[in-house]
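Structure, as structure tokens:
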Amino acid sequence: MAGLWWPARPAAGALRAWAPRGPHRGKTAKVPRRPLPRTPWTTRGPPPGAPLPRSWQDKRPVQEQIPGLEQVTYAGKQYFVPWLARPRLPRWERGWHDPRHSPGPRYEAMPLYKERVCYVCHQRTKMLEGVRQALWLTKTKLMEGLPPKVLSIIDEPANQLENEDERVQNAISHARVWITTELIPKRESYCPVLLEDLLHLCRTMASKYPSLSKRMLARDYKVAAAWERESSILQVRGMNGILLNAINPLLPVASKDEILATENHILETFHPISPTIDLQEVNVYEERHDTGFREGYPYPHPHTLYFVESANVRPVRFRPEQLRAKMLMFAFGNALAKAKVLYGDDPKVLEHPVVVQSIGTEGRIFQFMVFQLNTTDLASSDGVKNLVWIDSDQYMYDYIRYLPGIRKKVVKFPPGIYGYRPDTFKKFLALYLHGAVQDSTQTQIL
């Protein structure tokens, strides 16, 4: 083998450096694009009078840059040619009006078009500032916890179910374990079932309080309420939660002295953020007040509004603060629509305030709210304010284990409900019984 020469084998480290392995062999690794450096140009923009960079300048079409240049398209060839421009053909007219393919009139040509913008809150509105923003929009004062009238119902042993804890845990297990064959059920399946089971347990109290049978649940109804707040027109409209209606209205939970004391309350602002930052701006609207039910409906008074947040995708789901703001806006909208029907459109302090309750849940955490509409004079921030009581983030249970936890062939954590808290359902039941307990007490006195 004399006379043959072989090159020396490179070291192992050098081999890895110039010979990449895996599916990216022979490819240049992509360098992630980094953010622009923080300079006066990138943070505050160019100084006045300075020429803009080439990438920031307005780029005109080639036909405008070179006069007399005609665009060559593939219109005459009747087929697509990649190196020729796309032709702009005239709009095809079918010769008759097809409502399914009609673009519709322009906003300016619609009969309900108005120059003044209206800000609309609907069921998918997520408020940036949460409850604080809703308090300013509805001219409301916040009270922590539930009102004393509701707490007195909780403390009464006669207002509890037989074997209450066992029946509530069975309702939770039915919604999350027994009703499905999936290993881990989705929110959209177990959240509505849990609410229905809890309402069914509450309806079993009708034998003790007969006025509970004079109520009705309404789904997919639409509410509409409009008001003026300072220099803006606001509306709450559209479908929302499940509404429990009653024959008799709820009595005010705050005394007249507490209502008059709200005149000294100063509403919190969050400048420079506008209170209407998250609301939808529309120019085609109608200012009307509609409870969602025809005149003569046998259950005309709103009692409790139930919200179920059952979105599986986390970005679409409402956070607890946003859910409480939504509950407040729609409780206010239902109360305002009812007040306009009862007392007219003139803004004034109501002699008999309108009370609407609201409960929201995402299957584990519950939000409780009692709203009292004291005034329909909402244009200014002075005078009497509305009142709302909020009891937030009440856990009914911590978590559910679907499979047993086994350590060294011994079951350490059996499947079931962990961290059950009975006080949460007692508040749920107290809000359901609110109004019926007072009616039964007055009947016994008479």
Side-chain angles (χ1 to χ4, degrees), residues 120-128 130-131 134 167-203 216-223 236-245 278 280 292 304-331 333-334 357-369 391-403 415-421 424-425 427-429 431-432:
V120 179
C121 175
H122 49 81
Q123 61 177 347
R124 298 311 305 172
T125 300
K126 294 183 179 180
M127 294 194 175
L128 177 66
V131 175
R167 297 169 71 179
V168 173
Q169 293 185 49
N170 288 340
I172 298 173
S173 300
H174 172 256
R176 301 207 57 174
V177 182
W178 301 341
I179 201 173
T180 180
T181 58
E182 299 178 0
L183 180 60
I184 300 179
K186 297 181 180 180
R187 289 175 180 267
E188 61 184 10
S189 62
Y190 69 77
C191 287
V193 176
L194 177 61
L195 179 62
E196 291 291 345
D197 291 349
L198 296 180
L199 288 175
H200 175 72
L201 292 178
C202 295
R203 283 193 288 266
M216 183 65 64
L217 280 173
R219 303 173 185 269
D220 299 334
Y221 80 103
K222 296 182 180 180
V223 68
V236 171
R237 70 186 187 196
M239 290 191 299
N240 48 94
I242 304 172
L243 180 62
L244 178 66
N245 289 322
D278 306 296
Q280 181 184 4
T304 305
L305 194 59
Y306 296 96
F307 289 92
V308 177
E309 183 51 45
S310 57
N312 291 321
V313 184
R314 186 176 293 273
V316 183
R317 192 183 310 159
F318 278 68
R319 297 194 303 270
E321 181 70 15
Q322 296 173 339
L323 179 59
R324 289 192 290 269
K326 175 183 174 181
M327 293 166 54
L328 175 55
M329 292 299 295
F330 277 97
N334 283 271
Q357 302 176 152
S358 184
I359 297 177
T361 181
E362 44 83 43
R364 186 170 62 103
I365 307 174
F366 283 74
Q367 319 288 340
F368 301 104
M369 180 180 299
D391 195 2
S392 58
D393 296 338
Q394 299 297 309
Y395 284 76
M396 182 165 283
Y397 55 93
D398 290 339
Y399 64 95
I400 287 184
R401 180 176 286 275
Y402 295 97
L403 298 176
I417 303 171
Y418 285 82
Y420 170 71
R421 304 177 187 181
T424 303
F425 179 75
K427 297 176 182 178
F428 187 95
L429 180 61
L431 290 178
Y432 189 88

**Prompt:** Do any pairs count as a salt bridge (Lys or Arg N to Asp or Glu O under 4.0 Å) and have a residue in residues 167-186, sequence neighbours left out, and if so which ones?
**Reply:**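 Matches after skipping sequence neighbours: none remain.
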**Message:** Taking salt bridge (Lys or Arg N to Asp or Glu O under 4.0 Å) as the cut-off, I'd like each qualifying pair that reaches into residues 318-331, sequence neighbours left out, listed once.
**Reply:** Glu321-Arg324, Arg324-Asp393
Could you check whether any side-chain N or O of [X] sits under 3.5 Å from a backbone N or O of [Y], counting only pairs where one atom can act as donor and the other as acceptor?
X	Y	result
Gln322	Pro320	no
Arg237	Val120	no
Arg317	Asn312	yes
Thr304	Gln357	no
Asp391	Phe368	no

**Prompt:** Once you round to the nearest 0.5 Å, how far does CD1 of Ile417 lie from CG of Asp398?
**Reply:**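 Answer rounded to 0.5 Å: 11.0 Å.
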Which label fits [X] and [Y]: parallel for a plane angle under 30°, tilted from 30 to 60°, or perpendicular past 60°?
X	Y	value
Phe307	Phe330	tilted
Trp178	His174	perpendicular
Tyr418	Tyr399	parallel

**Request:** Look at atom CZ of Arg314 and say whether more than 12 heavy atoms of other residues, nucleotides or ligands are closer to it than 6.0 Å.
**Result:**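 No, CZ of Arg314 has 12 or fewer neighbouring heavy atoms, counting only those of other groups under 6.0 Å.
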**Request:** Can you see which heavy atom on Ser310 is nearest to which on Cys191, and at what distance?
**Result:** CB-CB, 3.9 Å
**salt bridge (charged side-chain N to carboxylate O under 4.0 Å, His left out) partners for Glu309, two or more places apart** =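 By the salt bridge (charged side-chain N to carboxylate O under 4.0 Å, His left out) rule, Glu309 matches no residue at all.
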